[in-house]
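Supplied in structure tokens, the structure appears directly below.
All values reported here derive from a predicted model rather than from experimental measurement. Atoms within each ligand, like the ligands themselves, are counted from 1 in listed order. When a residue number appears, it is its place in the shown sequence, counting from 1.
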Amino acid sequence: MQNFHYTNGQLCAENVPLSRIAKAVGTPVYVYSATALAENYQAFANACEGMGALIAYSVKANSNLAVLSLLASLGAGADVVSGGELERALRAGIAPQKIVFSGVGKSRDEMHKALKAGIYQFNIESSPELIALNDVACALNTRAAIALRINPDVSAGGHEKISTGKAENKFGVNIDQARDVYKQADSMAGIEVTGVDIHIGSQIDSLAPFETALLKGLDLVRDLRRDGHNILTFDMGGGLGIVYNQDEDTLPSAADYMDMVSRHTKGLDLKMIFEPGRAIAGNAGVLLSCVRYVKHGTARNFLILDAAMNDLVRPALYGAYHAIMPVKEPMSDQTETYDIVGPVCETGDTFATHRRLSVMQSGDLVAMLSAGAYGAVQAGQYNTRPLVPEVLVKDDQFSVIRTRPDLEDILKQESVPDWI
Ligand SMILES: *Cc1c(COP(=O)(O)O)cnc(C)c1O
């Protein structure tokens with residue numbers, strides 16, 4: 001994985017041994033490489049150089065303020081899906097003019113906040129949402145720039161829970177209804193129609209579904225322009241997949257993806273917007289964990305870690321694969337097959353089954369790879385396990401970018417009514 005390598009027998013993040021971080025911060029802990037984040041962003045930026053495109057990093061993939069600030073410093077915009085994410089993006093120094101607001105259920109409050117901030121574009125997903133935004137914009141005596149998120153009825157995405165572009169998904173406006181909704185939008189005093197938006201899913205491993213959706217979207221752009229709409233922007237959404245399993249995956253690069261897009265959009269006079277999340281953050285981070293016990297059962301051997309499904313839910317939620325590496329470089333060929341699990345009281349709290357690893361002992365450290373996206377952001381406190389902290393590494397330095405709350409922090413948010 002990028003910027004995570006063995007040096008002197010120790011798995012390092014850039015030039016920091018993970019064991020040093022474990023010692024200083026404790027485990028479990030997320031560790032991100034600033035260099036990998038920057039390189040992944042830059043791969044997109046370089047690939048669309050000269051296109052005048054906006055790369056709006058999908059904040060929900062990894063929303064830590066330090067991560068956002070780093071990307072902001074490189075010129076990234078943001079795709080946000082809540083008022084909370086909007087606040088994060090603004091505090092990280094991302095210019096409002098580089099922020100797009102997506103999501104099927106924006107509240108009026110969130111719309112108000114985003115209009116006040118002066119964001120670039122709302123991606124609108126239904127006619128009722130459009131009506132609400134018009135109300136809010138009119139009350140503020142302004143106009144909201146919108147793109148309609150079109151559901152192109154394309155099957156894509158590594159898992160049914162992250163496929164969003166099929167007609168039966170909750171997302172977007174059916175492409176056959178789109179022209180009517182655009183017409184409705186055009187008649188609204190608080191709405192300025194500016195673009196078309198698609199986002200068909202996540203962890204997409206080939207260009208074909210993107211291309212199909214893009215072509216459908218561009219047909220719509222032509223229709224809309226013929227209908228008299230001033231379509232200026234085209235938002236491709238996110239969804240480009242990453243390698244989770246070195247042995248199996250081959251994936252198109254950001255450059256391959258951009259080549260395909262620019263081939264079809266050249267000369268159309270559209271400002272392109274891209275919303276990569278996973279492709280920027282995913283392979284820039286690991287979840288570092290410690291083996292608590294090695295349990296030799298009758299049917300299986302279990303590695304019981306101190307990390308659990310509440311810290312990284314992807315295996316339990318999506319059946320996701322994460323490569324797992326011992327932090328101490330294996331010095332012999334001796335291996336053992338393990339089921340790798342957490343301490344939470346759910347059978348679903350399993351990171352991997354039948355995984356061959358060097359022989360492990362209690363106290364050994366392991367890293368779950370490709371955990372930089374949809375890891376920490378989806379963490380919870382199930383089983384009253386404190387939220388997992390985050391560390392950012394740059395070269396031979398590291399900083400804690402989110403601390404581990406102590407038990408008091410957690411318990412003080414709760415209260416017992418005096419009638420008990
Ligand atoms: C989640 C999401 C993204 C990012 O998806 P990735 O697969 O992480 O690139 C982009 N746009 C929208 C609207 C999303 O919901």
Taking only heavy atoms of E275, which atoms of ligand 1 are found under 4.0 Å from at least one of them? 3 (C), 4 (C), 9 (O), 10 (C), 11 (N), 12 (C), 13 (C)
Looking at Y374, which atoms of ligand 1 are within less than 4.0 Å of one of its heavy atoms? 1 (C), 4 (C), 5 (O), 6 (P), 8 (O)
Using a 4.0 Å heavy-atom threshold (strictly under), name the region of S202 that reaches ligand 1: side chain, backbone, both or neither. both
May I ask you to list the atoms of ligand 1 that are less than 4.0 angstrom from any heavy atom of S102? 13 (C)
Those atoms of ligand 1 less than 4.0 Å from some heavy atom in G238: 9 (O), 10 (C), 11 (N)
Checking side-chain polar atoms at under 3.5 Å, does D306 have a donor or acceptor matched by the opposite partner on S289? yes
Relative to the heavy atoms of G277, which atoms of ligand 1 are at a distance of less than 4.0 Å? 6 (P), 8 (O), 9 (O)
Can you tell me if CD on E87 sees more than 12 non-hydrogen neighbours from other groups inside 6.0 Å? yes
Where do N310 and N383 land on the side chain to side chain donor-acceptor pair (under 3.5 Å) test, with the steps shown first? CA-CA 8 Å; N310 69 295; N383 282 204; over 6 Å; no
For ligand 1, which atoms have a heavy atom of D79 less than 4.0 angstrom away? 10 (C), 11 (N), 12 (C), 13 (C)
R263 and E211 ion-paired at < 4.0 Å: yes
Close aromatic pair by centroid cut-off 6.0 Å: F274 and F44: no
Counting heavy atoms not belonging to E336, are there more than 12 under 6.0 Å from its CD? yes
Please state which part of R278 comes within less than 4.0 Å of ligand 1, counting heavy atoms only: side chain, backbone, both or neither. both
How far is atom 1 (C) of ligand 1 from its nearest protein heavy atom, and which residue and atom name does that atom have? K60 NZ, 1.2 Å
Among all residues two or more places apart in sequence or in another chain, which pass the ring pair (Phe, Tyr, Trp, His ring centres under 6.0 Å) test with Y32? none
Does ligand 1 have an atom that lies less than 4.0 angstrom from a heavy atom of G239? yes
